Amino acid sequence: MWQKIKKFFTSWPRKYSIYVYNGDCQLIGEAWCIVSSKSELKENIDVFFLETLRFYDGEDKDYCYYLYQEVR
């Protein structure tokens, strides 16, 4: 519980890693970004996700998804 509260009060900028997976749960893209707000994080995720899908050759583009996490 304390970790969640502590994470809420940490200052910006923060470093995040973004992972993109295909429908078979295989990693197809990975990126790191340093952001100053949640809205900037969302923009970076959207751009990276769409760029990854643009170069992905698989037939399961509709089932691709992303995950992100803060890096310490």
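Not measured: the values here are computed from a predicted model.
- No side-chain heavy atom of Ile28 sits less than 4.5 Å from a side-chain heavy atom of Tyr21.
- A distance of 9.0 Å separates OG1 in Thr52 from CD1 in Ile18, rounded to the nearest 0.5 Å.
- Checking side-chain atoms of Glu40 against main-chain N and O of Ser36 turns up a donor-acceptor pair under 3.5 Å.
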Just list the side-chain donor-acceptor pairs under 3.5 Å for residues 58-67, sequence neighbours left out, or say none.
residue : atom : partner : partner atom : Å
Asp60   : OD1  : Tyr56   : OH           : 2.9
Asp60   : OD2  : Gly23   : N            : 3.1
Lys61   : NZ   : Leu53   : O            : 3.1
Lys61   : NZ   : Tyr56   : O            : 3.3
Tyr66   : OH   : Lys42   : NZ           : 3.1

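- Nearest heavy-atom pair across Phe48 and Glu30 is CZ-N, 3.5 Å.
- Between Val71 and Trp32, the shortest heavy-atom distance links the atoms CG1-CZ3, 3.4 Å.
- Put simply, Leu41 and Trp12 are part of the same group of oily side chains (I, L, V, M, F, W, Y) that touch within less than 4.5 Å, one to the next.
- Remark: the backbone N or O of Phe49 is not paired with any side-chain donor or acceptor of Asp46 at under 3.5 angstrom.
- Between the side chain of Asp24 and the backbone N or O of Gln26 there is no donor-acceptor pair closer than 3.5 Å.
- With a 4.5 Å cut-off on side-chain heavy atoms, Tyr16 and Gln69 do not count as touching.
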